[in-house]
Amino acid sequence: MTTWSQEQQNEQERIDQVIDKLSEATAKLQDHLGGKLADVVQVRKNFWSDVTVNLDNVDDAIETAASIKQQSELLSEIERSHTSAETRIKTYEKLKGSPYFGRIDFKEEGEDESEKVYLGIASYYDDATSRFLVHDWRAPISSLYYDHSLGSANFRAPSGTVKGDLELKRQFIIKNGQIQGMFDTGEAIGDELLQQVLGKHANTQMKSIVATIQKEQNAIIRNTSSDLLVVQGAAGCGKTSAALQRVAYLLYRDRETLQSHHIVLFSPNNMFNSYVANVLPELGEENMEQTTFQAYIDHHLVRDFSVETPFEQMEELLSGSGDSHRIEGIKFKASVPFLEAIHRYVEKLSESGMQFSDIKFRDKVLIRSKQISEHFYSLDKRETIPYRMKKTSAWILEELKKIERRERKKPWVEKEIQLLDKNVYTKLYHKLQERNKYGENSFNDLASEQKVLSAYVARLAFKPLRNRIEKFVFVDMKSLYAKLFQKNNKLIEDLSLWSGICNETLFNLKQNHLSNEDATPFLYLKELLIGFQTNAAVRHVFIDEAQDFSLFQFAFIQRIFPRANLTVLGDLNQSIYAHASDEAFSRLRNLLGKKNPETITLTRSYRSTKEIVEFTRSLLQDGNTIVPFNRSGEKPSVVRVKDAEEHIDQTEKQLNGWIKEGHETVAVICRSAKESKKVYEKLKSKIDVRLMINEDAAFQKGIIVIPSYLAKGIEFDAVVIYDASGYQQESERKLFYTVCTRAMHELTVLESGKPCPFIKEASEHLYETV
Ligand SMILES: Nc1ncnc2c1ncn2[C@@H]1O[C@H](COP(=O)(O)OP(=O)(O)OP(=O)(O)O)[C@@H](O)[C@H]1O
């Protein structure tokens, strides 16, 4: 029987052999690459000499075209193989440092011998032995590693289910080609490696988790049956991690047809985008498209309105300046009744009531709104509104063409001809010559010169108007949206509240301001009228921190990406926006009309120590279902301070202590940006600290002061909650939970005034009082 150290030695020898093979393969590819590069240069150089250009007759021209096609196909084939060789070299370089992280021995039913399968971030096939020396973690057989303990096990292969016996499961930590740790485990994924991984310092860039994916996470990653996958899970249970590994899995599984630009990830802000941007490249895959919903809104509305961002809205509400009808308005404008009211309104508009703007040119009305309306309603009502809008736009453009022709003779055209730049004049002359429309001297003929120039000037002057018509600016969206908020057009029961909502909405519209809660419904109404700009190429859409999305935003995404499967990840306990609804996820199925929806709930929390999870879950009303991963640390501290001076001193003391202990990412989390600025001003002369209130900043190591809503989604070694006394309202419970759950190893909560009711509710043995 081999001893453990012999076993380790054998494994190290195998690793050395694999690394040698990888080095050989890399060298071969590099040779091949050099050759390919020379080929590309050669083919490019000789491209035209290798093509016989003969256009004498039709047959010769066809032959020439075929010859060009052949040459360019040859060139792209060489370029393709060059790129794939480059990608493989990069993958092999990664594998050389750590070829694999796991091994399973699987004896398939009916076979005499078990197969040893080594799992890494990519596969390596050895031509000499015709065997995989490393299996990709996404290969069908690899799921055995994540899903099964020792004993009978099975996996789904393309040919059907394969049954057998899992005889060994081994985990490795390999760095620079050397084994640093090796464990045999009976569990699906043993605690030991996970303990090590989770005990490390937080990172400014999220890491991949392929070596320690848990069974329930694997079910999310490998789910291919549902078109709407909703993942609801506690803070730190790995929703974002599972989403990113799922992207990598889908790119692998559907590699023939799916590329990274067919996948879109919506995330809460740009800082979060940069936080997660490294996971896929680390796994040898390209990043999917990353965006925020606000970026989409801005792109469509910012030219015509000042648009409030979610953070500006949050800041206003947190600083207490939002009055009650604003909060009710926010809730209403994100609700299903409002969505339905908009749909009913659009139905009515199909018959009557559409609002148009006069078409003006230099302050003169060219086409009256009434004429546009008459034209619009003269069209067949069985056609959709967007189709009729397109026809109306085409009709307006035709009318404009006629008007433009008439305008050519007007004095303003003559005036502008005089002011024409000489270069434009010369350019026009050459253009006309090229077109062979005129003989050498015709441009000098005064009458035709005048005709050409006046046509040019009129066309140029009308161009911006034409562009605007193509963008449907003749639809008076402001009035159309405003009509929804007439006081007598009661969309909700409580009239007094309704009147306040109407006043505020109409006031904002008048100022060309769209509040955050209006932006999405406004755009939704607009797109229902003029047609959604869809992207049918996108096949998967991921929405992270989905509890912050309103039903409107979901409905929107569904329309923009009509062919995409949705993966929706969120935690209703972290709904920090006023529009949040506890039914957000359960209503999705009906709202989006998906055929195969599935919901997976994750309850085990990996980010924080057991003590922190036990404390944070007690802040919730129904937090008992959250299960901490068994990693121990200090209990969170709750520190009462008596005045402003002690407040800062205690913060400084705590931060200094943590830096001395070696913590690398430390956050002072304040409620708002306003409070963050104040705290930063007080701290900056005492300790090296940075203020982070801009979502575009990249997350960096060190101590940062950050507002609550920007800290969500990310994590820190240690966290100071600057003032828990600021969280008093029931509506702030989830915000308080969210900020406390950012801590991985240490959590200190300061209280300066009235005790925080949520801490008071928690059992005293869950935290230390200072
Ligand atoms: N299987 C795993 N192996 C190793 N680390 C894991 C695993 N699952 C989660 N983690 C770690 O736990 C932490 C939290 O994960 P993640 O951010 O994905 O959770 P989340 O559910 O999105 O959290 P939140 O809702 O609080 O934003 C990360 O550091 C992640 O690397």
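Given the structure is predicted, the values throughout are model-derived calculations rather than measurements. Residues: numbered from 1 along the sequence shown. Whatever order the structure lists them in is the order used to number ligands and atoms, beginning at 1.
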Of all protein heavy atoms, the one nearest atom 10 (N) of ligand 1 is Tyr606 CB, 3.9 Å

Near Met206 (heavy-atom distance under 4.0 Å), the atoms of ligand 1 are 16 (P), 17 (O), 18 (O)

*In terms of ring plane angle, is the pair Phe585 and Phe554 parallel, tilted or perpendicular, where the classes change at 30° and 60°?*
perpendicular

Presence of salt bridge, Asp105 and Lys116, under 4.0 angstrom
no

Atom 17 (O) of ligand 1: closest protein heavy atom, distance to 0.1 Å, is Arg607 NH2, 3.2 Å

Honestly, for Met744 the part within reach of ligand 1 (heavy atoms, under 4.0 Å) is neither

- Taking the six-membered ring for Trp and the single ring otherwise, decide whether the centroids of Phe716 and Phe699 are under 6.0 Å apart. yes

Under 3.5 Å, side chain of Arg631 to main-chain N/O of Arg607, donor-acceptor pair present?
yes

TODO: Mark yes or no for whether Asp717, through its side chain, and Glu664, through its backbone, hold a donor-acceptor pair below 3.5 Å.
DONE: yes

At under 4.0 Å between heavy atoms, what of Thr240 touches ligand 1? The answer is both

Note: Leu602, heavy atoms under 4.0 Å from ligand 1, region reported as neither

heavy-atom search around atom 25 (O) of ligand 1 in the protein gives Lys239 NZ, 2.7 Å

- Query: Should the ring pair Tyr767 and Phe615 be called parallel, tilted or perpendicular, given that the plane angle runs from 0 to 90° and is split at 30 and 60?
  - Reply: perpendicular

Worksheet item: Do the ring planes of Phe629 and Tyr606 sit parallel (below 30°), tilted (30 to 60°) or perpendicular (above 60°)?
Response: tilted

Residue-ligand contact Ala234/ligand 1, heavy atom below 4.0 Å: yes

Looking only at protein heavy atoms, what sits closest to atom 27 (O) of ligand 1 is Glu545 OE2, 3.3 Å

Taking Gly233's backbone N and O only, do any of them form a donor-acceptor pair with Lys239's side chain (distance below 3.5 Å, no angle check)? yes

One finds that the ligand 1 atoms under 4.0 Å from a non-hydrogen atom of Arg742 are 24 (P), 26 (O), 27 (O)

of all protein heavy atoms, closest to atom 30 (C) of ligand 1 is Ser241 OG, 3.6 Å

So for Gln217 against ligand 1, with non-hydrogen atoms under 4.0 Å, the contacting part is side chain

For atom 13 (C) of ligand 1, the closest protein heavy atom turns out to be Glu715 OE1, 3.3 Å

Of all protein heavy atoms, the one nearest atom 4 (C) of ligand 1 is Thr212 OG1, 3.1 Å

Discussion item. Determine whether Gln547 and Glu545 satisfy the following criterion, side chain to side chain donor-acceptor pair (under 3.5 Å), listing intermediate values before the conclusion.
Written reply: CA-CA 6 Å; Gln547 70 281 355; Glu545 302 288 337; 2.9 Å; yes

message = Yes or no: does Cys237 have any heavy atom under 4.0 Å from an atom of ligand 1?
response = yes

Review point. Within 45° of the ring axis of Tyr252 and under 6.0 Å from its six-membered ring centre, is that where the NZ or CZ of Arg255 lies?
Key: yes

Ranked by distance from atom 6 (C) of ligand 1, the top protein heavy atom is Ile209 CG2, 3.7 Å

So for Ala242 against ligand 1, with non-hydrogen atoms under 4.0 Å, the contacting part is neither

**Report entry** Lys90 bridged to Glu93 by N-O distance under 4.0 Å
**Finding:** no

Ligand 1 atoms nearer than 4.0 angstrom to some heavy atom of Ala235 are 25 (O), 26 (O)

Does Ile213 come within less than 4.0 angstrom of ligand 1, counting non-hydrogen atoms of the residue? yes

Within the 4.0 Å heavy-atom cut-off, what Lys207 brings close to ligand 1 is neither

Residue-ligand contact Lys712/ligand 1, heavy atom below 4.0 Å: no

Any idea how Phe266 and Phe293 line up, ring-wise: parallel (<30°), tilted (30 to 60°), or perpendicular (>60°)? tilted

Note: Leu198, heavy atoms under 4.0 Å from ligand 1, region reported as side chain

*Just by distance, do the side chain of Arg170 and the backbone of Met182 share a donor-acceptor pair under 3.5 Å?*
no

- Task: Please say whether the positively charged group of Arg671, taken as NZ for Lys or CZ for Arg, lies over the ring of Tyr727, i.e. under 6.0 angstrom from the six-membered ring centre and within 45 degrees of the axis.
- Result: yes

query: Can you find a non-hydrogen atom of Leu194 under 4.0 Å from ligand 1?
result: yes

